[in-house]
Amino acid sequence: MCSPWLWPLQLLQEEGLNSVLPDWLCQFIHSWWFLLPLVMLLVVAAFIVAFVLLLYMVSPLISPRPLKLNGAHVVVTGGSSGIGKCIAIECYKQGAFITLVARDESKLLQAKKEIDKHAINDKQVVLCISVDVSKDYSQVEDVIKQAQEKLGPVDMLVNCAGITVAAKFEEVKVDCFKRLMEVNYLGSVYPTRAVIPTMKERRMGRIVFVSSQAGQLGLFGYTAYSPSKFALRGLAESLQMEIKPYNIYVTVAYPPDTDTPGLAEENKTKPLETKLISETSGLCQPEQVAKVIVKDAVQGNFNSSVGADGYMLSALTCGMSPVTSITEGLQQIVTMGLFRTIALFYLGSFDSIVRRCMMQREQLKKNRQD
Ligand SMILES: NC(=O)C1=CN([C@@H]2O[C@H](COP(=O)(O)OP(=O)(O)OC[C@H]3O[C@@H](n4cnc5c(N)ncnc54)[C@H](OP(=O)(O)O)[C@@H]3O)[C@@H](O)[C@H]2O)C=CC1
Ligand SMILES: CCCCCCCCCCCCCCCC(=O)[C@@H](N)CO
């Protein structure tokens with residue numbers, strides 16, 4: 001016996017147990033031992049293929065049935081501007097009835113006019129309700145009640161109302177930390193809390209939280225904003241575990257920088273570091289982001305991301321989030337190590353952006369003093 005692959009046989013022989021195997025098998029192995037690794041490889045490959053096929057066979061048990069938007073009632077908070085408005089338009093184009101929720105009434109009416117142009121039948125309605133989603137739960141509950149009385153039970157809630165502050169930690173006003181948590185986090189908790197009981201009774205529904213790529217990683221300038229978006233992920237994961245048996249599906253969207261009035265406002269005071277780092281994953285159009293979010297929500301996908309960086313970030317930060325398709329799960333398993341390697345290069349380049357900006361600032365200061 002000369003091959004290392006045959007050591008179990010050798011062991012048997014040494015133990016005087018070679019009688020365990022019939023002679024013909026011993027001879028066969030002796031003459032074809034070099035094929036053994038190949039056979040083992042084939043067996044392993046066959047097991048993997050069988051396992052994946054099995055997973056695909058049970059996949060209908062994991063993936064929810066798509067929601068029909070035609071005739072559905074969709075509530076969009078922050079629906080008077082930017083991404084929220086485009087989400088409303090996208091749903092309206094597919095025959096939904098829309099309730100827009102935001103504070104400024106004139107902006108709401110303006111958005112309603114714009115959305116109305118995309119009607120596909122003359123029964124469709126856009127209802128506008130003005131409220132601050134972050135202040136008082138009972139007010140938000142009233143708004144949802146009003147909307148349900150006029151347009152029926154809510155089939156899909158999109159929590160898109162949000163605000164941003166981009167500045168260095170010590171330059172963020174202390175009140176801002178609280179305000180961002182109120183609007184971005186509690187402003188998503190309240191409407192969700194108000195629609196869940198009816199959704200559970202009807203055993204159907206979709207809840208969307210619009211987080212951000214800055215809700216998947218912490219970045220220079222987002223010490224107040226990022227935590228408020230990370231919080232949505234914790235809420236979404238816990239809630240999804242509770243409501244899945246009621247056939248209600250949660251989607252968390254992580255858009256990159258998107259060309260909206262909100263971003264224009266943010267850019268006025270954004271630190272250079274934040275600008276340079278965010279440029280990495282490019283600028284998206286709100287129509288494109290809205291399309292992806294609506295598609296993922298309709299399909300009941302837990303995760304919704306845009307672009308190549310968005311895809312990598314989502315696979316990398318999947319953690320213990322629920323999986324809504326076999327393909328997604330397999331991709332996460334296979335790509336994790338590779339994406340972490342790529343991420344280390346990104347982190348290195350972000351650190352060097354921050355260091356360069358700091359040195360430039362100090363040089364400028366010194367020059368002024370001289
Ligand atoms: N644009 C971007 O680059 C990205 C944005 N996002 C997130 O997407 C969401 C939408 O962003 P974007 O479209 O840029 O924002 P916009 O500023 O363009 O729109 C924000 C919307 O939210 C409403 N809103 C704000 N505060 C409140 C409040 N307290 N109560 C009720 N409504 C409120 C606004 O109306 P009103 O002021 O009249 O109340 C408006 O309709 C936000 O949550 C944002 O964090 C995520 C990633 C990237
Ligand atoms: C494999 C690893 C890949 C890593 C890619 C990293 C890319 C980081 C870019 C982060 C951009 C953050 C945009 C936040 C936008 C936002 O929420 C505000 N504009 C809101 O107004």
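Counting starts at 1 for both ligands and their atoms, following the listed order.
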Check each heavy atom of [X] against ligand 1 and say whether those closer than 4.0 Å belong to the side chain, the backbone, both or neither.
X	answer
K229	side chain
A214	neither
P256	backbone
Y254	neither

When you compare ligand 1 with [X], is there at least one nitrogen or oxygen pair between them that comes in under 3.5 angstrom?
X	answer
Q213	no
D132	yes
V133	yes
T164	no
G84	no
R103	yes
G262	yes
N184	no

When you compare ligand 2 with D257, is there at least one nitrogen or oxygen pair between them that comes in under 3.5 angstrom?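 Yes, at least one N or O pair falls under 3.5 Å.
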
Looking only at distances, please establish whether an N/O atom of ligand 2 is found under 3.5 Å from an N/O atom of E266.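 Yes, E266 has an N/O under 3.5 Å of an N/O on ligand 2.
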
What protein heavy atom is closest to atom 14 (C) of ligand 2, reported as residue, atom name and distance in Å?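 Nearest neighbour among protein heavy atoms for atom 14 (C) of ligand 2, to 0.1 Å: S212 OG, 3.5 Å.
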
Please state which part of T258 comes within less than 4.0 Å of ligand 2, counting heavy atoms only: side chain, backbone, both or neither.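 Within the 4.0 Å criterion, T258 makes no contact with ligand 2.
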
Under the criterion side chain to side chain donor-acceptor pair (under 3.5 Å), which of R206, R202, H73 is the partner of D155?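 With D155 as partner, R206, R202, H73 yield a single side chain to side chain donor-acceptor pair (under 3.5 Å), made by R202.
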
Lys/Arg N to Asp/Glu carboxylate O, [X] vs [Y], below 4.0 Å:
X	Y	value
D370	K365	no
E362	K366	no
K117	E114	no

For ligand 1, which atoms, with element, lie under 4.0 Å from some heavy atom of K107?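 Within the 4.0 Å cut-off of K107, ligand 1 contributes 35 (O), 36 (P), 37 (O), 38 (O).
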
Taking atom CD1 of I293 and atom SG of C160, what is their separation to the nearest 0.5 Å?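 Taking CD1 in I293 and SG in C160, the distance rounds to 6.5 Å.
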
Going by the closest heavy atom to atom 3 (C) of ligand 2, which one wins out of F339, Y346, Y225?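 Shortest heavy-atom distance from atom 3 (C) of ligand 2: Y346.
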
Per atom 13 (O) of ligand 1, closest listed option by heavy atom (I83, I87, T77):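 Among I83, I87, T77, the closest heavy atom to atom 13 (O) of ligand 1 belongs to I83.
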
Kindly indicate, with the supporting measurements, whether the criterion salt bridge (charged side-chain N to carboxylate O under 4.0 Å, His left out) is fulfilled by R355 and E273. CA-CA 9 Å; R355 214 175 315 114; E273 288 91 333; over 6 Å; no

Proximity of F169 and F177 rings by center, below 6.0 Å: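 When the ring centroids of F169 and F177 are compared, they turn out to be within the sub-6.0 Å range.
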
V131 to ligand 1, any heavy atom closer than 4.0 Å: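 Contact present.
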
